[in-house]
Undergrad: 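Quick one: the structure is below, and I'll ask about it shortly.
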Amino acid sequence: YGLFKIRIPAFPLDVVREAVMNAITHREYTNPGEVLIRHGSRELVVTSPGGFVPGISLDNILQHEPVARNRTLANAFLKLRLVESAGTGRRRMFVPMLSFGKRAPRFETDGHSVTLRLFDGAFDEKMAKLVAKWNSEGREVGLDALLVLSYLKEHPFIDTRTASELLQLGAERARSVLDQLSLTDSGILERRGRSRSATFSLTKGVARDLVGPARYTQTRGLRRTRYAELVREYLADHGSISNRELRELLGLGDSASAQVEASVYLRRWSAEQGFLDKFGRGRPRYRLRERTS
């Protein structure tokens, strides 16, 4: 890529090392079973005896504070430099794989053992080039950003609810991550709307590099098809909406043309076949129309 050569390993050595050390460190040593490593042509699978350490589950493993099953063993591995600083191993396994455009590692458990699958197969050349470009510019690309980028390669939008599940964070923290990624200096996401129903998509430049310019144009068109859905969600939470609140929700701005555009939407949705009822004088408000049998 330009003056840089990007080497895409089947299984990054640092990731394999972390996977094996993680299995040895956190396995249940009262269980006579063994740590098993199966190396196939398309995946590398590491299985360790015992379930997750209490407090850790498949739903929080990315964000949970580090918990050592055997603190003495963990400290010994750290002093021997067999592992990096405590609590970074899980992320160190995900970041390189996603940076190369590969599938994210996958944890599985049946309560008696924990299995980690590392996937080879195809990689996303555009993703690998984009991350390499940012790294060469000194821009740090963390796990949260990589997970969001990987999701948006396949989907036009991401909202707070989806981000919360993807990042294994509460809704407020997930929204904070999306807001941070949509800041001007980071330039990864564009935000549409200001309320809890806001959606986020790739910026024009990132979309061009990651999924092609056609996707960005298509995404901007698809946004309008979601306007009615966003309004319904807003009304379910707040009961009614005004022209100003609609402009804030859809991110239209405060210009005269934006006010006219919002009025057009409200008139359309409150027409005979619409879903809104208009009430109040002066500056009217709108609420969901009650269905009649």
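Index from 1, following the sequence.
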Undergrad: Going from CG on Leu147 to CG on Leu152, what distance comes out if it is rounded to the nearest 0.5 angstrom?
TA: 11.0 Å
Undergrad: Just by distance, do the side chain of Gln259 and the backbone of Arg244 share a donor-acceptor pair under 3.5 Å?
TA: no
Undergrad: Once side chain to side chain contact (heavy atoms under 4.5 Å, CB included) is applied, do any residues pair with Leu73, and if so which ones, sequence neighbours excluded?
TA: Tyr29, Asn70, Phe77
Undergrad: Carefully, step by step, assess Met127 and Ser150 under the rule side-chain contact (heavy atoms from CB on, under 4.5 Å).
TA: CA-CA 8 Å; Met127 181 75 160; Ser150 296; 3.7 Å; yes
Undergrad: Can you confirm whether Glu137 is buried at CD, in the sense that more than 12 heavy atoms of other residues, nucleotides or ligands lie under 6.0 Å from that atom?
TA: yes
Undergrad: Please report the interatomic distance CG(Leu235) to CG(Leu288), rounded to the nearest 0.5 Å.
TA: 4.5 Å
Undergrad: With respect to Phe200, which candidate in Val177, Val148, Ile158 satisfies the side chain to side chain contact (heavy atoms under 4.5 Å, CB included) definition?
TA: Ile158
Undergrad: The criterion is side chain to side chain contact (heavy atoms under 4.5 Å, CB included); which residues satisfy it with Asp209, sequence neighbours excluded?
TA: Leu130, Lys133
Undergrad: Can you tell me how far CG of Leu167 sits from CG of Asp144, rounded to the nearest 0.5 angstrom?
TA: 5.0 Å
Undergrad: Using side-chain hydrogen bond (donor to acceptor under 3.5 Å, both in side chains) as the criterion, list what pairs up with Asp59, not counting sequence neighbours.
TA: none
Undergrad: Any side-chain donor paired with an acceptor under 3.5 Å for Ser240 and Arg285?
TA: yes
Undergrad: Could I get the full list of side chain to side chain contact (heavy atoms under 4.5 Å, CB included) partners for Lys126, not counting sequence neighbours?
TA: Asp124
Undergrad: Can you tell me how far the CE atom of Met97 sits from the CG atom of Asp14, to the nearest 0.5 Å?
TA: 12.0 Å
Undergrad: Check ring pair (Phe, Tyr, Trp, His ring centres under 6.0 Å) between Phe275 and all other residues, then give those that pass, not counting sequence neighbours.
TA: Trp269
Undergrad: Is the side chain of Thr25 donor-acceptor paired with the backbone N or O of Met21 at a distance under 3.5 Å, no angle test?
TA: yes
Undergrad: Would you compute the distance between atom CG of Leu202 and atom OG of Ser182 and round it to the nearest 0.5 angstrom?
TA: 12.5 Å
Undergrad: Would Glu140 and Trp134 count as a side-chain contact (heavy atoms from CB on, under 4.5 Å) if you check the C-alpha gap in whole Å, the side-chain angles of each, and the deciding distance to 0.1 Å?
TA: CA-CA 7 Å; Glu140 182 179 356; Trp134 286 341; over 6 Å; no
Undergrad: At what distance, to the nearest 0.5 angstrom, does CD1 of Ile188 lie from CD of Glu190?
TA: 12.5 Å
Undergrad: Taking all non-hydrogen atoms of both residues into account, name the closest pair between Ala145 and Leu181 and its distance.
TA: CB-CD2, 3.9 Å
Undergrad: Let's go through Gln63 and Asn60 carefully: what are the C-alpha distance in whole Å and the side-chain angles of both, what is the deciding distance for side-chain contact (heavy atoms from CB on, under 4.5 Å) to 0.1 Å, and is it a yes or a no?
TA: CA-CA 6 Å; Gln63 303 292 349; Asn60 67 12; 5.7 Å; no
Undergrad: Is there side-chain contact between Leu178 and Arg191, with heavy atoms separated by less than 4.5 Å?
TA: no
Undergrad: Write down the atom of Leu276, the atom of Leu266, and the distance for their closest heavy-atom approach.
TA: CD1-CD2, 4.0 Å
Undergrad: Which residues pass the side-chain hydrogen bond (donor to acceptor under 3.5 Å, both in side chains) test with Ser176, not counting sequence neighbours?
TA: none
Undergrad: Do other residues, nucleotides or ligands put more than 12 heavy atoms under 6.0 Å from the CD atom of Glu125?
TA: no
Undergrad: Please set out all donor-acceptor pairs under 3.5 angstrom arising from side-chain atoms of residues 99-107, sequence neighbours excluded.
TA:
| from | atom 1 | to | atom 2 | distance (Å) |
| --- | --- | --- | --- | --- |
| Ser99 | OG | Val95 | O | 2.7 |
| Lys102 | NZ | Pro9 | O | 3.3 |
| Lys102 | NZ | Ala10 | O | 3.4 |
| Lys102 | NZ | Asp120 | OD1 | 2.9 |
| Arg106 | NE | Glu108 | OE2 | 3.0 |
| Arg106 | NH2 | Glu108 | OE2 | 2.9 |

Undergrad: Arg267: which residues meet the side chain to side chain contact (heavy atoms under 4.5 Å, CB included) condition with it, sequence neighbours left out?
TA: Ser263, Val264
Undergrad: Using every non-hydrogen atom in the two residues, find where Thr160 and Ala174 come nearest and quote the distance to one decimal.
TA: O-CB, 4.1 Å
Undergrad: According to the ring pair (Phe, Tyr, Trp, His ring centres under 6.0 Å) rule, which pairs have a member within residues 50-69, sequence neighbours left out?
TA: none
Undergrad: What side-chain donor-acceptor pairs closer than 3.5 Å can you find for residues 36-51, not counting sequence neighbours?
TA:
| from | atom 1 | to | atom 2 | distance (Å) |
| --- | --- | --- | --- | --- |
| Glu43 | OE2 | Arg117 | NH1 | 2.9 |
| Thr47 | OG1 | Thr115 | OG1 | 3.0 |

Undergrad: So does Thr162 get a backbone contact from the side chain of Asp159, meaning a donor-acceptor N/O pair under 3.5 Å?
TA: yes
Undergrad: What about Leu80 and Val16, same hydrophobic cluster or not, with Ile/Leu/Val/Met/Phe/Trp/Tyr joined at side-chain heavy-atom distances under 4.5 Å?
TA: yes
Undergrad: Under 4.5 Å between side-chain heavy atoms, hopping through other hydrophobics if needed: is there a path connecting Tyr151 to Leu58?
TA: yes
Undergrad: Would a single hydrophobic cluster contain both Val141 and Leu210, if residues Ile, Leu, Val, Met, Phe, Trp and Tyr are joined by side-chain heavy-atom contacts under 4.5 Å?
TA: yes
Undergrad: Partners of Arg289 by salt bridge (Lys or Arg N to Asp or Glu O under 4.0 Å), sequence neighbours excluded?
TA: Asp277
Undergrad: Is there a path of hydrophobic side-chain contacts, each under 4.5 Å between heavy atoms of I/L/V/M/F/W/Y residues, joining Leu246 to Val260?
TA: no
Undergrad: Please list all pairs passing the salt bridge (Lys or Arg N to Asp or Glu O under 4.0 Å) test where one or both residues lie in residues 25-34, with sequence neighbours left out.
TA: Glu28-Arg69
Undergrad: Can you name the nearest heavy-atom pair linking Pro156 to Ser201, along with the distance?
TA: O-CB, 3.3 Å
Undergrad: Would you say Leu166 and Val131 are hydrophobically clustered, going by side-chain heavy atoms of ILVMFWY under 4.5 Å?
TA: yes
Undergrad: Charged N to carboxylate O under 4.0 angstrom, Glu165 versus Arg161?
TA: no
